[in-house]
Protein chains: 2
Amino acid sequence: MTTVQRPTLEAVARRAGVSRATVSRVVNGSTTVAEPIQEAVRLAVAELGYVPNLAARSLVTQRTDSVALVLPEEATRVFSDDQVFPSIIRGVAQELEAADKQLVLMLAGSPAGHARVERYTTGRHVDGAIFASLHGADPLPGKLARLGIPVVCSGRPLGDVGVPYVDVDHVGGVTRAVRHLLDSGRRRIATIAGPQDMIAGMERLTGYRETVAEAGLPERVAFGDFTRESGAAAMRRLLDAHPDLDAVFAASDLMAHAAMRTLREAGRRVPEDVAMIGFDDIETAAYTEPPLTTVRQPLLELGREAARQLLRMAAGEEVEVALVLPTELVVRASA
Amino acid sequence: MTTVQRPTLEAVARRAGVSRATVSRVVNGSTTVAEPIQEAVRLAVAELGYVPNLAARSLVTQRTDSVALVLPEEATRVFSDDQVFPSIIRGVAQELEAADKQLVLMLAGSPAGHARVERYTTGRHVDGAIFASLHGADPLPGKLARLGIPVVCSGRPLGDVGVPYVDVDHVGGVTRAVRHLLDSGRRRIATIAGPQDMIAGMERLTGYRETVAEAGLPERVAFGDFTRESGAAAMRRLLDAHPDLDAVFAASDLMAHAAMRTLREAGRRVPEDVAMIGFDDIETAAYTEPPLTTVRQPLLELGREAARQLLRMAAGEEVEVALVLPTELVVRASA
DNA sequence: GGCTCCTTTGAGAGCGCTCTCTCGTATCGG
DNA sequence: CCGATACGAGAGAGCGCTCTCAAAGGAGCC
């Protein structure tokens, strides 16, 4: 391996006939350097192909110019077919790129992974951390916040951790979905709820419960974990317990997708016998049979906002504690 | 912001009553330190909550303990619904985690993004880079290799760049798929090919062409770009040009999925009138209507192998130039 | 003309760590 | 019992950068 000796500030300074400090000023965009000197320095930089050594820089500035994005890698499923995380990643990446920060991706599934994330973030190897879709009441975001390390959660964290977050309007979206079912005459409306250790799962259930109660109807609930498999199983349980149901709100598109197949296998037609509404609006939703009516959440925007908030915090600015993005009912053929 | 002064090696050394060098030895797992002293140092580390400053370390070691994963963020689609990248990311993440390296994710869609990747990687801010699914003949991997920076491509790169890569057996998988169609009596077999500026697109087409030619049958080709939308459009073109076709091999599951819908809209039944086979085996494939027969590629493993290769290179070991993982035909109802 | 004040540049001190080199002490053979 | 050998621990020199501080030079003012 022929590791070429890379030029340092010193080398550039010698070539340009100025001091290290002046080169540093030019490289970092200080305006207090005379134009001809700036020009000479820039020329030397170009000729030598100088690139600053970030390690040396962060050693003195105490910044790393990188941000951690922490995802819970629950089992295999996070990254299997779900588009939720990819969209968030992309949103975050876009904003960080604009700010010239690096994105350090950390999957924190296992306890070992979680410990690693804790070590890395508390060790201040990043300028801040974005946590996406926390399960349960993870103490890490709060801990980081107390250490003065900028943190933003994508998805409201459970418990009173006092950490700024961005989230979507789950309850509003679900309310609109269930009302849509009511408006089309459905009265025996069930739900396939998500995991109750996540705000997304809890609030989508709340939205269903409130709206159904408001209409004076009984609730019919089965639980899943947002995956297709769990959706199919929950649908079977619902059919057993409430064979007369005429509509289902599923807390994720994947569960809705699998539930529709289960319904078909049970001889029910969608939407004639049973209407189905999902949540997320993944691309697949437009291609299911029948196409799925669902609640769209602006995931890309969610990631972007989270990153923006974090960058603001890292810059020492104040940020709002909560930022809630709107959801939207996308009506297709399934309801 | 109360940025607490974090303990340094010096502080640990004082507390343990030894020199900085000894603490460094213990922290880095040197065996040449007497057991009681090691114990004392570890105690001091724990008491002070010492975490090494990585910037300072990499300044002297010339390593960064981080690896870049570069993805082409073509338009929006990479991360929209496709599970290809998420799986690769996860595979890479798993291996890097095991090696205690950080994953720096870079999306290189725009020219600006590409420049940023070039700057970052050539600036040696990472110990190596993994490129996934290159489009066209990107000169960057070759350039990095020439600079002595470890590079691995996931998916064989176009052109003779002389960079180690891992890929799957596209041709073998497609051959098996087309033979399966032939074996079931299909004779008017078309293909929806992928983009021809990517090896994956090219080889899957090659596999189709060779197998069809071998059987003495004419080829019927329409091109897409792996997305659903392009698959639907290609299917329409095929139906126009060859209304008599009785089977289709689509170079991605997304295209196959959309093509099946297009067929249904055109009044063709799958598989009775037209058989369909896809490529990828994304989770959705098992839930399409009818469930999709497809060629499975081991994406997680692809990512893991790429990372392993890279780590080996970074450690100065020799690696094989090409590593090809097997594909497998998964027979479901669509063919 | 001399003084002050401002602007521009350079000198130099670290940031926290690793690693070589040196020194001190224990071990062993003669 | 002394010198040779080995081995563990410390001293200290940087890694490449930023940033404070001081010096130098020029402009402006009385």
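Protein chains get the first letters and strands the later ones, always in sequence-line order, with residue 1 at the start of each. No hydrogens, no waters, no symmetry mates; every other heavy atom, side chains included, goes into these values. As the structure is a computational prediction, the values presented were derived from the model and not from experiment.
Rounded to whole angstrom, the span from the CZ atom of R57(B) across to the P atom of dG16(D) amounts to 18 Å. Look at CD on Q38(B): it is 11 Å from P on dG8(D), rounded to the nearest Å. Put simply, CG on L59(B) is 14 Å from P on dG14(D), counting in whole angstrom units.
Interface remark: the R25(B) side chain does not form any donor-acceptor pair with the dT18(C) base, using a distance-only criterion of under 3.5 Å.
A heavy-atom distance below 4.5 Å is found between the side chains of L69(A) and L71(A).
Formation of a donor-acceptor pair under 3.5 Å by the R156(A) side chain with backbone atoms of D167(A) is not found in this model.
Between S24(B) and the phosphate of dC17(C), there is no side-chain N or O to OP1/OP2 separation shorter than 4.0 Å. For dC15(C), neither phosphate oxygen OP1 nor OP2 lies less than 4.0 angstrom from any side-chain nitrogen or oxygen of N53(B). Between S19(A) and the phosphate of dT9(C), there is no side-chain N or O to OP1/OP2 separation shorter than 4.0 Å.
Here A21(B) lies in heavy-atom contact (under 4.0 Å) with a base. Contact annotation for I37(B): backbone-only contact, meaning every heavy-atom pair under 4.0 Å involves sugar-phosphate atoms and none involves a base.
Taking a cutoff of 4.0 Å between a charged side-chain nitrogen and a carboxylate oxygen, E47(B) and R14(B) do not qualify as a salt bridge. A salt bridge does not link E317(B) with R308(B): every distance from a Lys NZ or Arg NE/NH1/NH2 to an Asp or Glu carboxylate oxygen is 4.0 Å or more.
For P52(A) and A34(B), each mapped to the nucleotide of DNA chain D holding its nearest heavy atom, the one lying further toward the 5' end belongs to A34(B). Between A55(A) and R63(A), the residue anchored nearer the 5' end of DNA chain D, judged by the nucleotide with its closest heavy atom, is A55(A).
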